[in-house]
2 protein chains.
Amino acid sequence: MPTIYEVAERAGVSLSTVSRVLNGKSSVNKALKERVDQAVKELNYRPNSVARSLANSRTDSVGVLVPELNAPFFGDLMQAVESTLRAQDKHVIITVGRNCLETEKDAVDFLISRNCDALIMHAEALSDDYLLDLNQNKLPIALVNRKVEGLPNACITLDNEKGGYLATRHLLELGHKNIAYISGPAYKADACLRLKGHERALIEAGLSVNPQLIFNGNYSEEDGKIGLLELMARDLPFSALVCANDWMASGAISCARDLGMSLPQDLSIVGFDDVVFAHHVFPRLTTVSNPVADMAEMSAKYILNKVYGQDHNVQHCFEPSLVVRESTINFES
Amino acid sequence: MPTIYEVAERAGVSLSTVSRVLNGKSSVNKALKERVDQAVKELNYRPNSVARSLANSRTDSVGVLVPELNAPFFGDLMQAVESTLRAQDKHVIITVGRNCLETEKDAVDFLISRNCDALIMHAEALSDDYLLDLNQNKLPIALVNRKVEGLPNACITLDNEKGGYLATRHLLELGHKNIAYISGPAYKADACLRLKGHERALIEAGLSVNPQLIFNGNYSEEDGKIGLLELMARDLPFSALVCANDWMASGAISCARDLGMSLPQDLSIVGFDDVVFAHHVFPRLTTVSNPVADMAEMSAKYILNKVYGQDHNVQHCFEPSLVVRESTINFES
DNA sequence: CTGTTAGCGCCTTCAT
DNA sequence: ATGAAGGCGCTAACAG
């Protein structure tokens, strides 16, 4: 690998001149610039990014933290972040948090030790205080899908309440009156908001909220199944079910089928997130779209602004929308 | 951020002593070591990985190239690579190739410019020659799911031929005699091998290979649908269908359903890869498992051996196995 | 076993 | 506009 010094020698200039033409910051005599360009080409010179980082204490890398690598939702997130950043010659260092406090902390430490210029996180277990600390530690961060008081700019969120509302209102419009709900874990803000939206729709329609029709799951496919069984065991009739994410909806669907129910006639089901497999389940899942990719792209743009002096418009709150497929149907009394 | 120099000063030793205790390579007087450890703790010192990289020309990072980030198959791959590597304090820089030659080359250039110590790739479009060059360029590489002559060690592959064989033999054992096949693109080695396995099973059973029962798809869901329609239009009866991956199987399944067929009674379908959504499709998909995660982990171990002086056993060829679910059934004449 | 001294490749004042 | 020189934080000979 040739160094900047060899380029300088070949071009017959000093290495600072080479540095200048490379970075294009300061102006250089045209003739010299051409000689340098020529030398760069002849030597097939590539600047050493490590040396550059050491000299200007920027690595052009941003750390990314996601709970898992092999889930469609986070796949979309990473895809959007990676392509947005790489288009600006920045790169991503991806780490996994596994929904576990220790692992998430480790991952962040790791990213910091790697001198990332900024962090983009979908943090599940890290506390608000921890995140505030991180940020005050002068490390720019962006938080996807999470709202932290005190970090209004860093947060890129979805209007989860509205999403829950849309799901339930759709069922109400189809004539359903008894609507069960399988929620995400109560300690997650998005889960609470989705549930709140569900309740608002109910109340708005003049119906009451019956806790017996609500089951608290943990967003896993398994809990969709468990939830449905539990709800049915409570012996209150319901003709429709909202699940707080598509995984649980999928679990509920296969469970229903195992019980011999025919869908959607016997039970209308709505999911949440519109992950890619939502149209693989049968019947194809009616769900609430979650524009993760857009949010992720926005988080990357926010970082580009904040750290690399770019100037993108950034939107902090995104709107979900209903995606009607075949898992919901009019209520027939 | 404190530097190694400040640690040395506080501990009252030279900075090389600090470096020694940090790296644990060479032995250090116990008392001094303790003073250093103490100073490190008090200052909350964290070595600067960039400076370290510059000094020893190793970044402890390995570049990863995958076609997409938001696909279950590659999600599994990345997950395995990331966790294996990070357990050894190496990190991954992930790039996307989009099945496109230019993009893949860009990605590799990018990774090289980042001074990755090695590359782990699932390359689709890069030619064998290109990969050979890369390797001769003294950059260690590992190739997942690809066989390149001249790079026997770098390749971690699946016995695709056997996989194709298993799929078809399963159907034969169920009594099917007319078995259609939707293949992957002919320019992909894995697609050819899977098809070859299918043909071997047929021949072994005393049946002939009818090209009219073979359709060449491109591994996309859409092509599963197109393939099925095309095969049916050819007007040769078949009671079973093998698809060279799960995406196409999924496309074929929903197409069949749209045509009013009932599955698996009217048509038995086998997929390939056993990606996570295979059990979301209905009927749950019988398929051939592809141990990507194992292969990916192995590729990481190979790199660990090759670049970081570790000593793992590495296995270069993996075996697929049949996963029987509900999309296949006995042939009833 | 410990400290001194050069670099690693680049950027950036500082003079010129 | 250009060149010289110092430094980013660390590792690795080399002496002692």
Side-chain angles (χ1 to χ4, degrees), chain A residues 1-40 43-61 89 112-117 138 307-309, chain B residues 1-40 43-61 89 112-117 138 307-309:
Chain A
M1 284 281 105
T3 73
I4 197 174
Y5 192 81
E6 300 171 43
V7 175
E9 190 166 40
R10 182 174 198 106
V13 298
S14 80
L15 87 183
S16 13
T17 301
V18 177
S19 178
R20 286 185 188 104
V21 346
L22 255 32
N23 296 313
K25 294 285 179 186
S26 155
S27 62
V28 176
N29 179 298
K30 201 173 168 189
L32 287 194
K33 173 172 162 39
E34 274 165 14
R35 269 157 55 196
V36 170
D37 286 338
Q38 180 69 12
V40 164
L43 265 45
N44 188 28
Y45 167 77
R46 315 269 300 153
N48 180 321
S49 63
V50 175
R52 172 176 288 176
S53 292
L54 183 60
N56 62 15
S57 57
R58 261 179 36 181
T59 55
D60 290 332
S61 71
D89 261 292
I112 292 176
S113 82
R114 253 42 224 208
N115 298 43
C116 292
D117 296 335
K138 75 188 189 313
V307 183
Y308 302 113
Chain B
M1 284 281 103
T3 73
I4 197 174
Y5 191 80
E6 300 170 43
V7 175
E9 190 166 41
R10 181 173 198 107
V13 299
S14 80
L15 87 183
S16 19
T17 301
V18 177
S19 178
R20 285 185 190 107
V21 346
L22 256 32
N23 297 312
K25 293 286 180 185
S26 152
S27 60
V28 176
N29 178 299
K30 200 174 172 191
L32 287 195
K33 172 169 163 42
E34 275 166 12
R35 268 155 57 194
V36 170
D37 286 338
Q38 180 70 10
V40 163
L43 265 42
N44 188 28
Y45 167 78
R46 316 269 296 153
N48 180 321
S49 63
V50 175
R52 171 176 290 176
S53 292
L54 183 60
N56 64 13
S57 56
R58 262 178 37 179
T59 55
D60 289 332
S61 72
D89 262 292
I112 291 176
S113 82
R114 254 41 223 209
N115 298 46
C116 292
D117 296 336
K138 75 188 189 311
V307 183
Y308 303 112

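Letters A, B, ... mirror the listed sequences (proteins, then strands); counts begin at 1. Scope of the values below: all heavy atoms of this structure, side chains included, with no hydrogens, waters or symmetry mates.
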Check: Leu22(B) and Val40(B) side chains under 4.5 Å, non-hydrogen atoms: yes
Could you walk me through whether Val21(A) and Leu32(A) satisfy the side-chain contact (heavy atoms from CB on, under 4.5 Å) test, starting with their C-alpha distance in whole Å, then the side-chain angles of each, then the deciding distance to 0.1 Å, before giving a yes or no? CA-CA 9 Å; Val21(A) 346; Leu32(A) 287 194; over 6 Å; no
Provide the closest heavy-atom pair for Ala8(A) versus Ser14(A) in the form atom of the first, atom of the second, distance. CB-C, 3.7 Å
Any salt bridge (charged side-chain N to carboxylate O under 4.0 Å, His left out) pairs touching residues 47-58 of chain B, not counting sequence neighbours? Arg58(B)-Asp60(B)
Using rotation axes that map the C1' atoms of four end pairs onto the next four (five pairs an end), what angle separates the end axes of the helix from dC1(C)-dG16(D) to dT16(C)-dA1(D), to 10°? 40°
So the salt bridge (charged side-chain N to carboxylate O under 4.0 Å, His left out) pairs with at least one residue in residues 11-23 of chain B (sequence neighbours excluded) are none
Nearest heavy-atom pair of Asn115(B) and Ser49(A): which atoms, and what distance? OD1-OG, 3.5 Å
Looking only at heavy atoms, what is the nearest atom pair of Val13(A) and Arg35(A), with distance? CG1-NH2, 3.9 Å
Would you mind classifying the nucleic acid contact of Ser27(A) as base, sugar-phosphate or nothing, using non-hydrogen atoms under 4.0 angstrom? sugar-phosphate
For a 4.0 angstrom threshold against heavy atoms of chain A, report the outermost contacting nucleotides of DNA chain D in 5' to 3' order. dA1(D) to dG9(D)
Shortest non-hydrogen contact from Tyr45(B) to Ile4(B)? CE1-N, 3.5 Å
Who are the side-chain hydrogen bond (donor to acceptor under 3.5 Å, both in side chains) partners of Asp37(A), not counting sequence neighbours? Lys33(A)
Beyond-backbone contact of Leu43(A) with Arg10(A), side-chain heavy atoms, under 4.5 angstrom: yes
Protein-to-nucleotide contact annotation, 5' to 3' order, nucleotides 7-16 of chain C [B base; S sugar-phosphate only; - none; under 4.0 Å, heavy atom]: BBBBSBB---
